[in-house]
Amino acid sequence: MQIHGLPPFYSRKYDLKQHPNFKHTAKADKKNAFDLDRLINRNRRPGLSEAYEVYEVSVPDEALVYKDEAILNYDDLDNPDAFV
């Protein structure tokens, strides 16, 4: 093992399979692996008895123009004075 600031030395490694909670890891059993899709149901729809509201929104055409367009001009990256 090598730790910054110390000379390298030999160390016996702890066998993780001997740990009492190893059975709860994904290496012990694949069903213990984290699955984001099981956590988040992207196809969720409201039930028949569930209340929800629908809002209509209008946005003026002027608001659709991106005001910070000049920031995204990557040609200016070569010129350090461009950001002053």
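Considering every non-hydrogen atom in both N32 and T25, the closest pair reads ND2-O, 3.3 Å. Among all heavy-atom pairs drawn from Y14 and H19, the shortest one is OH-CA, 3.4 Å.
Other residues, nucleotides and ligands contribute at most 12 non-hydrogen atoms within 6.0 Å of the OH atom of Y52.
Not one N or O on the side chain of D29 forms a donor-acceptor pair closer than 3.5 Å with the backbone of H24.
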